[in-house]
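Take a look at the structure set out below.
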Amino acid sequence: MNRRNFMLGAAGVGAVVVGGGLLARPSANGKPYDEYFRVLNEELKKNGPMRPCLVIDLDRLDHNIDQVVQSVKLPKHYRIVEKSLPSQGLIDYVSKRAGTRRLMSFHQPFINDDVVAFPDADILIGKPLPVRSAEVFYKNLKGSFDPSRQLQWLNDTPEHVQQYLELAKGLGAKLRINIELDVGLHRGGVAGNEVLGQMLSLIAANPANLEFAGFMGYDPHAGMAVPRILGSHEELFRKGMAIYQERADFTRNQYARLWREDLTLNAAGSPTYKMHEAETLSNDISVGTALLKPTHYDLDTLTAHVPAAYIATPVLKSVGPVELPALDGKSRIFSWWDPNQLQTYFIYGGYWMAEYESPKGLQFNSTFGHSTNQEIVNASPGVGLKVDDQVFFRPTQSEFVLLQFGDLVAVRGGKIVDYWAPMQG
Ligand SMILES: Cc1ncc(COP(=O)(O)O)c(C=O)c1O
């Protein structure tokens, strides 16, 4: 219970009573599950874990994978963004349906696990990891995966390349270096040819220990909702690709010995992957989150994708009209005013990065406050929820949320068909 919210809430009721007719009284929003969630609720009650769980709908996932596969055509290749789908079972499923062994990884413990689970993977690191983190990777390396052929480290500054050069010398190995480009996102990366030249010179001067492997240009800003005045998707995309082309031309002209046709020219991200059908420079397209489509990816560039991940959690208690501590019976004024507070439920867990999905018309009670143990949920009686029924949420993002629920629950046709462990570390 949040004391400050409680006081504000109580004061708010006073204002409502005094100001009465000035405010529009809310109407009841509650609706029962639609058929999709009715079936899922029955299945989870019968066969589910009856605790908060993360459900992946494989029919919907298939649809989203197929969208990507239809878009990313040779000579471009699809690269799975591992952090956004952080479960080896899930990644294995995607990689088989999409026919790709390319991964983009961002976290040293995950990389060490990936190389064991997917010894034939081609891995591009998606952020410029501290050199010590790379050293820890080599210390823990197991199995047949060969980093000198299958792994590209991402570097973003000449100093960073220098650190990786020292590591390579210490290991007596050759490291493959991919260079991060700033193509308009301004989240770091190389922003001009001068710095790029310094990095390429260092690589060119140390062929025994470093190999230039390509570029990474992440451009989600071109697919996100930005105010129109700042540029359309197409304008921002064109600008980003013009920068990418300038860096590629500079490298081809000034460092011809480093340029090879099999360089990895990585681009995209979920918001823009489809726009890359229109360009012929990149050959490696990263997509992760769009396969599950959490709410922050309700973008006009992803309208062909469907939500495929839900949090489901049982209702533990159903206690009628909302009642607040200390106000006790006087709390009736809340539900008298707002019929969406006529039902109060307490659910198993809560306070996730997620939005209510089903049944429709559920609302949080900010006066009562959040709980990660037993979150309060209010609704009008129309939702028809009973104890043991599931409340369904849509996550706002995938990468962190998927790690929070233990084994992911894979469903197909409304039936549980598999469980996949999330990544660890
Ligand atoms: C370098 C890079 N590429 C691609 C992506 C795209 O990931 P997603 O498709 O999950 O949005 C990300 C996400 O953060 C990224 O950092």
Side-chain angles (χ1 to χ4, degrees), residues 56 61 64-65 67-69 71-72 76-87 90-91 94-95 98 100 102-108 110-111 114 122-129 151-156 160 177-191 213-225 233 237 240-241 243-244 247 264-276 282-302 304-309 353 394-403 422-423:
I56 309 275
L61 176 65
N64 293 336
I65 296 170
Q67 296 298 313
V68 175
V69 170
S71 171
V72 183
K76 294 190 197 301
H77 297 268
Y78 168 38
R79 186 173 296 276
I80 301 170
V81 180
E82 166 248 61
K83 74 163 169 64
S84 309
L85 306 162
S87 153
L90 175 56
I91 289 170
V94 173
S95 104
T100 181
R102 297 184 184 216
L103 295 182
M104 177 177 271
S105 185
F106 295 75
H107 184 48
Q108 174 266 314
F110 292 1
I111 311 167
D114 287 341
D122 174 294
I123 302 180
L124 169 61
I125 305 304
K127 64 185 174 217
L129 290 176
L151 181 62
Q152 301 176 43
W153 296 103
L154 193 70
N155 281 182
D156 62 333
H160 202 222
I177 303 298
N178 188 299
I179 294 180
E180 177 175 16
L181 300 180
D182 181 0
V183 292
L185 177 60
H186 306 321
R187 189 184 69 175
V190 169
F215 291 124
M216 186 281 281
Y218 176 45
D219 59 7
H221 60 287
M224 298 296 217
H233 292 327
F237 179 74
M241 286 315 297
I243 295 170
Y244 208 137
R247 304 286 169 259
T264 298
L265 302 180
N266 174 265
S270 290
T272 52
Y273 83 84
K274 225 178 139 41
M275 301 173 85
H276 284 273
S282 75
N283 57 22
D284 191 83
I285 300 293
S286 299
V287 186
T289 312
L291 302 189
L292 300 177
K293 202 180 181 185
T295 61
H296 287 178
Y297 288 70
D298 286 339
L299 303 170
D300 58 1
T301 55
L302 288 175
H305 285 242
V306 292
M353 295 165 76
R394 247 182 99 195
T396 57
Q397 55 103 282
S398 67
E399 63 191 42
F400 182 60
V401 178
L402 261 68
L403 300 173
M423 290 183 159

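These numbers were taken from a predicted model, which means no experiment stands behind them. Both backbone and side-chain heavy atoms feed into the values below; hydrogens, waters and symmetry mates do not. Every number for a ligand or one of its atoms is a count from 1 in the order of the listing.
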Side chains of Asp300 and His233: any donor to acceptor distance under 3.5 Å?
yes
Test of understanding: given a 4.0 Å heavy-atom threshold, classify the contact between Val81 and ligand 1 as side chain, backbone, both, or neither.
side chain
Applying the side chain to side chain contact (heavy atoms under 4.5 Å, CB included) criterion to Met104, which one of Leu124, Ile123, Ile80 satisfies it?
Leu124
List ligand 1 atoms under 4.0 Å from Met104, heavy atoms only on the residue side.
1 (C), 2 (C), 3 (N), 4 (C)
Just need the protein heavy atom nearest to atom 5 (C) of ligand 1, so name the residue and atom and give the distance.
Tyr218 CE1, 3.2 Å
Show me which atoms of ligand 1 lie under 4.0 Å from any heavy atom of Gly126.
1 (C)
Side chain to side chain donor-acceptor pair (under 3.5 Å) with Asp284: which of His77, Arg79, His276, Lys76?
Arg79
In the structure I gave you, are the side-chain heavy atoms of Ile285 and Tyr78 within less than 4.5 Å of one another anywhere?
no
Test your reading of the structure: does Glu399 have an N or O sitting under 3.5 Å from an N or O of ligand 1?
no
Which residue in the set Asn155, Ile177, Ile179 passes side chain to side chain contact (heavy atoms under 4.5 Å, CB included) when paired with His160?
Asn155
Side chain to side chain contact (heavy atoms under 4.5 Å, CB included), paired with Leu151, selected from Ile125, Leu103, Asn178
Ile125
Are Thr100 and Val72 close enough, and set up right, to give a side chain to side chain contact (heavy atoms under 4.5 Å, CB included), and what steps lead you there?
CA-CA 11 Å; Thr100 181; Val72 183; over 6 Å; no
What part of Ser270, side chain from CB on, backbone N/CA/C/O, both or neither, has a heavy atom under 4.0 Å from ligand 1?
both
Any Tyr297 heavy atom less than 4.0 Å to ligand 1:
yes
Between atom CZ of Phe110 and atom CD1 of Ile91, what is the distance when rounded to the nearest 0.5 Å?
9.0 Å
Heteroatom distance test (Gly288, ligand 1): nitrogen or oxygen, under 3.5 angstrom
yes
State the atoms of ligand 1, each with its element, that fall below the 4.0 Å cut-off from a heavy-atom position in Val287.
9 (O)
Pairs of nitrogen or oxygen atoms closer than 3.5 Å, one from Lys83 and one from ligand 1: do any exist?
yes
Polar proximity ligand 1 side, Arg187 side, N/O cut 3.5 Å exclusive
yes
Should you measure from each heavy atom of Met216, which atoms of ligand 1 turn up under 4.0 Å away?
1 (C)
Would you indicate whether the side-chain heavy atoms of His107 and Met423 approach each other to under 4.5 Å?
no
Classify the contact between Lys127 and ligand 1 as side chain, backbone, both or neither, using a heavy-atom distance cut-off of under 4.0 Å.
neither
Where ligand 1 meets Phe106 - atom numbers and elements under 4.0 angstrom, heavy-atom basis
2 (C), 15 (C), 16 (O)
